[in-house]
*Asks:* 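I'd like to ask you about the structure that follows.
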Amino acid sequence: MTRRVIATLAAATLIGGAAMADQTEITRTLTDIAAGADRHDWTRVRDAFADTVTTDYTSLWGGDPVTQPADDLVTGWAAFLPGFDVTHHMVTNHTVKEMTDTIAKAEADFTATHRIDDEFWVLGGRYSYELEKDGADWQVTSMTMTALWETGDRALVAQAGERATAAN
C-alpha cells in the first residue's frame, strides 16, 4: 500500500509540475507581446505568435476581427508604435482558463499608456487569448481585446500614425 501511495503522489507531482511549467510559459508568452512591443523588440513579439493569428479589436474600433500572417501583424505594429514617444502595456492577472497538452485559453487584464509629448491616451480592459503549443513553446493563435475604459486623447493614435509615416 505504501508503494502505491508514493507512486501516486510522485505521478501527481510530475503532472502538476508540468502543468505549472506550461502556465509559466503561457504567462511568459503573453508578457512577450506587451513588453516586446513597448521595447520595440519585434523578434520577441513575433516569437509569441503562431504563423497565423486572429486579432479582435472590435470593442474599441468596430469592424471585424482580422486573421493574418503574424509577420504582417508585427510589421504593422513596428511601423506604427514608434510614432508614440513611449508606450507602456501593463498586462497582469494572467489566468489560464483551459488547458490540454497542446491548446490553452487564457485571459489577462491590461492598462495601455500611450504618450506623445505631455499628452496621454490610456486604455484599460481585458485580453482573451487562444494558444497552441509548438514543441516546448506556447504561441498565441487568437487575441481578443475588450476595452473597458479609456482616458486622455484618443486622437494621439492618428498623430502617432502620422509621425511614424513621416519617420519612415
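Because the structure is a prediction, the values reported are computed rather than measured.
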*Asks:* Please name all residues satisfying side chain to side chain donor-acceptor pair (under 3.5 Å) with Thr95, sequence neighbours left out, ordered by chain then number.
*Replies:* none
*Asks:* What is the minimum heavy-atom distance between Met143 and Ile33, and which atoms define it?
*Replies:* SD-CD1, 4.3 Å
*Asks:* Are side-chain heavy atoms of Thr67 and Thr52 found at a separation under 4.5 Å?
*Replies:* yes
*Asks:* How are the rings of Trp42 and His40 set to each other: parallel, tilted or perpendicular (split at 30° and 60°)?
*Replies:* parallel
*Asks:* With sequence neighbours excluded, what pairs up with Glu150 under the side chain to side chain donor-acceptor pair (under 3.5 Å) test?
*Replies:* Trp121, Arg154
*Asks:* Answer yes or no: is there a donor N or O on one side and an acceptor on the other, between the side chain of Asp56 and the main chain of Thr58, under 3.5 Å?
*Replies:* yes
*Asks:* Out of curiosity, Asp51 CG to Gln68 CD, how far, rounded to the nearest 0.5 Å?
*Replies:* 13.0 Å
*Asks:* Please report the shortest heavy-atom distance between Phe49 and Ala70, naming the atom on each side.
*Replies:* CB-CB, 3.7 Å
*Asks:* Remaining members of Trp149's ILVMFWY cluster at a side-chain heavy-atom cut-off under 4.5 Å?
*Replies:* Phe120, Val122, Leu148
*Asks:* Go through the steps for Thr54 and Glu130 under the test side chain to side chain contact (heavy atoms under 4.5 Å, CB included), then give the verdict.
*Replies:* CA-CA 9 Å; Thr54 300; Glu130 294 180 9; over 6 Å; no
*Asks:* His89: what forms a ring pair (Phe, Tyr, Trp, His ring centres under 6.0 Å) with it, not counting sequence neighbours?
*Replies:* His114
*Asks:* Just jot down the ring pair (Phe, Tyr, Trp, His ring centres under 6.0 Å) partners of Tyr127, sequence neighbours excluded, or say none.
*Replies:* Phe110, Tyr129
*Asks:* For Glu132 and Thr102, run side chain to side chain contact (heavy atoms under 4.5 Å, CB included): C-alpha distance rounded to whole Å, both residues' side-chain angles, the deciding distance at 0.1 Å, then the answer.
*Replies:* CA-CA 5 Å; Glu132 288 182 359; Thr102 58; over 6 Å; no
*Asks:* Please report the interatomic distance CG(Leu131) to CE(Met99), rounded to the nearest 0.5 Å.
*Replies:* 10.5 Å
*Asks:* Nearest 0.5 Å please: distance from the NZ atom of Lys133 over to the CG atom of Asp22.
*Replies:* 3.5 Å
*Asks:* Does Gln159 reach the side chain of Phe84, with side-chain heavy atoms less than 4.5 Å apart?
*Replies:* no
*Asks:* For the atom pair CD1 (Ile26) and CD (Gln139), what is the distance rounded to the nearest 0.5 Å?
*Replies:* 12.0 Å
*Asks:* How far does OG1 of Thr27 sit from NE2 of His94, to the nearest 0.5 angstrom?
*Replies:* 5.5 Å
*Asks:* For Ala79 and Ala164, work out which heavy atoms get closest and say how close.
*Replies:* O-CB, 3.0 Å
*Asks:* Compare every heavy atom of Gly83 with every heavy atom of Ile116, then report the nearest pair and how far apart it is.
*Replies:* CD1-O, 3.9 Å
*Asks:* Shortest non-hydrogen contact from Ala50 to Thr141?
*Replies:* CB-CG2, 3.8 Å
*Asks:* Just how far is it from atom CG of Asp32 to atom CH2 of Trp138, taken to the nearest 0.5 Å?
*Replies:* 15.5 Å
*Asks:* I'd like to check Asp85 versus Arg163 (side-chain heavy atoms, cut-off strictly below 4.5 Å). Are they in contact?
*Replies:* yes
*Asks:* Does a side-chain heavy-atom distance below 4.5 Å link Leu123 with Met145?
*Replies:* yes
*Asks:* Checking side-chain polar atoms at under 3.5 Å, does Thr87 have a donor or acceptor matched by the opposite partner on Asp38?
*Replies:* yes
*Asks:* Which heavy atom of Ala37 sits nearest to which heavy atom of Val45, and what is that distance?
*Replies:* N-CG2, 3.3 Å
*Asks:* State plainly whether the residues Asp71 and Arg46 are in salt-bridge range, i.e. N to O under 4.0 Å.
*Replies:* yes
*Asks:* What residues form a salt bridge (charged side-chain N to carboxylate O under 4.0 Å, His left out) with Asp47, not counting sequence neighbours?
*Replies:* none
*Asks:* Taking the side chain as C-beta and beyond, is there a heavy-atom pair between Val157 and Trp61 under 4.5 Å?
*Replies:* yes
